[in-house]
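Here the structure comes first, spelled out in C-alpha cells, and everything after it is commentary.
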2 protein chains.
Amino acid sequence: MTPPLYVRAEQTDAEEPIDTLVRALERRDDVSARERAALAAAVGDVRVHPPGDVLIRAGALTESSTLLLEGMLSRQFYLGEDKRQIVAAHVAGDFVDLHSLLLKRLDHDVVALSDVKVALFPHAALRRITEKEPHLARLLWLLTVIDAAVHREWTGRLGHSAAVRVAHLLCELQMRLTIVGGGSDQGFPLALTQADIGDMTGLTGIHVNRTLRKLRESGLVIVRAGYVSVPDVAHLRAFARFDPTYLYAERIPR
Amino acid sequence: MTPPLYVRAEQTDAEEPIDTLVRALERRDDVSARERAALAAAVGDVRVHPPGDVLIRAGALTESSTLLLEGMLSRQFYLGEDKRQIVAAHVAGDFVDLHSLLLKRLDHDVVALSDVKVALFPHAALRRITEKEPHLARLLWLLTVIDAAVHREWTGRLGHSAAVRVAHLLCELQMRLTIVGGGSDQGFPLALTQADIGDMTGLTGIHVNRTLRKLRESGLVIVRAGYVSVPDVAHLRAFARFDPTYLYAERIPR
DNA sequence: CGCCTTGTTGAAAACACTCAACTAGAGTGG
DNA sequence: CCACTCTAGTTGAGTGTTTTCAACAAGGCG
C-alpha cells in the first residue's frame, strides 16, 4: 500500500464529505438536522489514492469505514496466481465497507480503480451513532442490505452469456453513475480497462474485447477508452435483461 | 404456492423456534435473558412446506421474516425460460430473509429445497426489538452482513472451474451443516438433486454429474443420493481452495 | 527513443452445453 | 402383482462458447 495523500478539506472546492453522505442517505429516507450533525461529527480523514492502490487488505483489522467521494473502486478476491474476481464496484456516495463496522476483518481487498477520494469514518464514532440514533442506524443497515442485493445480482449475472453479462454491468454502472450525477441516458465516462470489466464479469480481457466489438456492431453500446455511449438505453436494457429493482433506487416505505 | 401446513408447537417434540434462534445468535455474541424474552415474544406462526414450495415470491410485499428451523431452502432468480440461478442456500438456524425487514420487497424467490419447517417473525415485532434493544439490533445487522459475505464468496466461486466450484459448495455446506449438528468431518446428509447443485454453481445438471464422477474418481468426495461422504476433509478443502473465514463462524470481538 | 500498458486479432485447445438415449427407483392404478 | 409413469441419474457424441497462446498496433511516459 503506497502512503495515502492527505487532503485537508479547506484545500478543495469540492463539497464536504458530509454532504456526499447525507445526499446518499436522503435518497433512502429523510435525515434530520440532528442526525446530520451526528454524522458530521463522525467524519475523519479525507484521503486520495491513485488507481491500483489497495486501500484495505483482506483480513486486516479495520478501525474505520470508507465513504467514496470521487472515482471508482472495487472489492476483489484473488482466485489464483494472477486471476482476480471483482465482487463489487463502487461509485461516489457509496459507503464501501460499512460492513467492516460489524465484521472487523474484511474477506476481500478494497482497491482503487481510478483516482479516488475517500472519507474515513472511525468505527468508534459510527458505533456511537448506531446506539444513540436508531433511525440513522436503520438507514445504515439498509445500505448494507442493498449492497447485498447487488451482490446477488452479480452472482445471477454470471449465469448469462458474455454479451449479456457485459451489457448488464454497463447498464448497472450507467444507472448508478447517473443517480449521482456522473452520467446520463446517452452515456457516461468510465475509467475501466477491458481487463477490469473482465474481472467483474468473470471473463478474460480478450473475450471482453471481442464481446464489446459485437455489442458495438449490434449498435447496442459503444465503449471507447474512458467513455461509454449508449444510443438507445431501452434497447440495451432489454438485451441485458436489466431490471433496476435490485438497486432499490427509490425510497422504500416503512 | 400450495397452502402451508400449520403446525402448533405443542404438537412437535422438536425444540422451540426461540431456541433455534438464540442458539444461532449465541454463536455470534451473548444473548441476555431480557433479549431472549423479547425475541420469544416476536415468534409468529410455524409452518412446514414440501420441496419445491415457493415461500416468498420476488416482488411481493413481506410482513414477516423467516427463520429456517429444519431442512434446506434456496433463494433464486429466473434467468430465462427454465434457467434458474440459486444465489443462496440456507440451513437450520438461518434467518433467511431478515433483509426483508428493511427492503419490504425481495428481489428473489425463496423456495424449499427439502421438506422444511420455518418460523415467521412479524416485521412489526422485529422492528420494536431493533428500536428498544440496540445490542440485539446490532446482532441482527451482523447476520445480514454475514449473509452478504457468503454472497460475495458465491460470486467469486463462479470464477473457478466446474470441479472446484462443486467441491467448494460441498465444503461450505458441510461446514454450515456441521455447525448446526447436521453433519461431521466424515460426511453429511444432503437432499439436493444434481440439478439443484448445478443451479447453485452455474452448471447444468448433466455437467454436475460428470464433475461428481471426476471428484469421486479422484477420491475427493463421494456424493450419493442423499448423502455426501468426505474421505479427507483437508484434502477436499485444499482442492476447493476453501477458506471458511467468510462464514465468520467464530465470535467477532467488539 | 525504448518501455510499458492497453487494445486488437487469429488459430488452436479446453471447457461446458445440448441433444439424445438409456437405466434405476419410487409411486400409481389396474 | 405388474404395467405405467415420473423423476433422477448416467453416458456418448457433437456443438458452441470461452480460453489460451501468440503476435502485433497504438498511445503514454520516462
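A quick note: this is a predicted structure, and the numbers were derived from the prediction, not measured.
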Applying side chain to side chain donor-acceptor pair (under 3.5 Å), name anything that partners A:Glu153, two or more places apart in sequence or on another chain. A:His168
The ring pair (Phe, Tyr, Trp, His ring centres under 6.0 Å) partners of B:Phe95 (sequence neighbours excluded) come to B:Phe121
Divergence of helical axes at both termini of the helix from C:dC1-D:dG30 to C:dG30-D:dC1 - five pairs an end, 10° steps: 30°
Distance check, rounded to the nearest 0.5 Å: A:His207 atom NE2 versus A:Arg165 atom CZ? 8.0 Å
Strictly below 4.0 Å, N to O, side chains only: are A:Asp109 and A:Arg75 in salt-bridge contact? no
Tell me, please, the opening and closing nucleotides of DNA chain D, 5' to 3', among those with an atom under 4.0 angstrom from a non-hydrogen atom of chain B. D:dA8 to D:dA13
Anything under 4.0 Å to a heavy atom of chain A counts; send over the first and last such nucleotide of DNA chain C, read 5' to 3'. C:dT6 to C:dA11
Do the side chain of A:Lys83 and the main chain of B:His160 share a donor and acceptor less than 3.5 angstrom apart? no
Between B:Arg84 and B:Asp196, is there a salt bridge with N-O shorter than 4.0 Å? yes
Could you check B:Asp97, B:Val96, B:Leu61 and say which one makes a side chain to side chain contact (heavy atoms under 4.5 Å, CB included) with B:Leu106? B:Asp97
Tell me the closest heavy-atom pair linking A:His151 and B:Thr155, and the distance in Å. O-OG1, 3.8 Å
Using a heavy-atom cut-off of under 4.0 Å over every strand shown, decide if B:Gly202 touches base, sugar-phosphate, or nothing. sugar-phosphate
Residue list, side chain to side chain donor-acceptor pair (under 3.5 Å) with B:Asp185, at least two apart or on another chain: none
Under the side chain to side chain donor-acceptor pair (under 3.5 Å) rule, what do B:Glu172 and B:Tyr246 come out as? Steps first, then yes or no, please. CA-CA 10 Å; B:Glu172 178 183 315; B:Tyr246 72 96; 2.6 Å; yes
Could you check whether B:Arg210 gets within reach of a base, just the sugar-phosphate, or nothing at all, counting any heavy atom under 4.0 Å? base
Could you say whether B:Leu212 or A:Ile206 is positioned toward the 5' end of DNA chain D, judged by the nucleotide with the nearest heavy atom to each? B:Leu212
